[in-house]
Amino acid sequence: MGLTELSDREFIIDVARRLLSIRAVSPKSGGEGEYKKSLELKKILHELGYDNLQEYNTTDDTGTLRPNIILRLGNFDRTLWIISHMDTVPEGDISLWKHDPFKATVDGDRIYGRGSEDNGQSIFTSLLLLKQIDPKNLKINLGLAFVSDEETGNDYGIKYLISKNIFREDDIIIVPDAGTNEGLAIEIAEKSTVQIKFEIEGIQGHASMPENSLNALRESCKFIDLLDFSLHDQFSETDKLYFPPYSTFEPTKHEKNIDNINTIPGREVFYWDFRILPQYPADLVLASINSLIEKYAKTSQAKISYKVVDRVDAPKPTPEDSEVVIGLKSAIKSVTGKDAFTIGIGGETFASFLRIKGFHVAVWSTTAIENAHMPDEFCLIPHILQDVKIYKYLLFN
């Protein structure tokens, strides 16, 4: 039985099984990239009868090929874009998973697997949309973009596509990479993102003779506590548009220090992820960090330095009265009978880079919240079926 002969539910499960089994993790996170997944995705597109693909492939600084696939249907002046990413984060601690992260496990309406929701659900939805539509009846072009490198910087994905002038100013662009259980939230704004690598230097020594050492782990704990309290206290304003409605400052990754228990570490490296409300310029936060380092140096001999690993300053929000927002609200109302609303988020999506260039973008999907990047990540089949109806409304009405 071919793909087009499967029921919609069978189709979703089939493509999920084929795609989720392929680990598509960035080399920056210890993976091999998206190439193998892109090959299977192209195979599925060919099986659906779509051969007019455009490929915008590039290589990263490790020499790894990073693929980007474009499919555009129709001969109109404008395009409705649905932009999804092929890469995923790593599986993390495998002991926390009840299901195999790289096998699509179906339990009722849930499909488990790493990348099933972020951003596999969007890919499955796009493929089901292609299965259902007749391109001859489109009222606007349909553009599908399957993109690399979303989880680790976007240099080889959406930024690369933007540099190739893929998108036009009057196109309607949807990024289905965030949403809510009912699919009523339309994201029009994102916080600034700043990711920082901190390094603290002490003096390594024997654990039995701490007087001859300077414990970098202890010093880092003290500094982290100071940084945590100070940033939350100084940048405490809220904005009800955003979820959560405040700036977040989270310590995340920690690099290995020493191998044995009886040695005092002389160096600690750790990372923070900041999601900052637009009313606070990122430079103001960095100036505060500089001030805190100077303050800490007055009471400690440890040397503290930092490097900004990634930074995206919040662009202007998509206007509430933009065509993409109005169109989505109308489609959601027609399909669900409920009124959609606009929000801002702390997550960084493709929309940030498109908004920087002046494009009006909506981030929207129907999705299980608090699920991405977690063990036993899953997507829901009914969400996919509903989102396809909303896309069809936009395409044919």
Is it true that [X] and [Y] make a salt bridge, defined as a side-chain N closer than 4.0 Å to a carboxylate O?
X	Y	value
Asp109	Arg9	yes
Lys329	Asp339	no
Glu199	Lys307	no
Lys131	Asp8	yes
Arg114	Glu91	no
Asp283	Arg311	yes

Without hydrogens or angle criteria, can the side chains of [X] and [Y] be said to hold a donor-acceptor pair below 3.5 Å?
X	Y	value
His232	Asp228	yes
His373	Asp118	yes
Tyr280	Gln234	no

Q) Just wondering, more than 12 heavy atoms not from Phe229 lying within 6.0 Å of its CZ? A) no
State whether the side chain of [X] and the backbone N or O of [Y] hold a donor-acceptor pair below 3.5 Å, judged by distance alone.
X	Y	result
Ser163	Tyr160	yes
Lys253	Lys197	no
Trp272	Leu227	no

Q. Can you tell which of Thr193, Leu286, Ile289 makes a side-chain contact (heavy atoms from CB on, under 4.5 Å) with Phe274?
A.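 Checked Thr193, Leu286, Ile289 against Phe274; only one passes side-chain contact (heavy atoms from CB on, under 4.5 Å): Ile289.
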Q | Identified side-chain contact (heavy atoms from CB on, under 4.5 Å) partner of Phe350 from the options Arg355, His85, Lys159 | A |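 Per the side-chain contact (heavy atoms from CB on, under 4.5 Å) rule, the option paired with Phe350 is His85, out of Arg355, His85, Lys159.
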(Q) Walk me through whether Ser288 and Phe235 qualify under side chain to side chain contact (heavy atoms under 4.5 Å, CB included). (A) CA-CA 10 Å; Ser288 178; Phe235 305 103; 4.0 Å; yes
Q. Do the rings of Phe270 and Phe223 sit parallel, tilted or perpendicular, given the 30° and 60° boundaries?
A.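 Because their plane-to-plane angle lies in the 30° to 60° range, the rings of Phe270 and Phe223 count as tilted.
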(Q) Ring-plane angle category for Trp364 and Tyr391, please: parallel below 30°, perpendicular beyond 60°, tilted otherwise. (A)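 Correct class here is perpendicular.
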Q.
Looking at every non-hydrogen atom in both residues, tell me the closest pair between Asp60 and Arg66 and how far apart they are.
A.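 Asp60 and Arg66 have their closest heavy atoms at OD2-NH1, 3.0 Å.
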Q. Rounded to the nearest 0.5 Å, how far does CD1 of Ile82 lie from OG1 of Thr125?
A.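 With rounding to 0.5 Å, OG1 (Thr125) is 8.5 Å from CD1 (Ile82).
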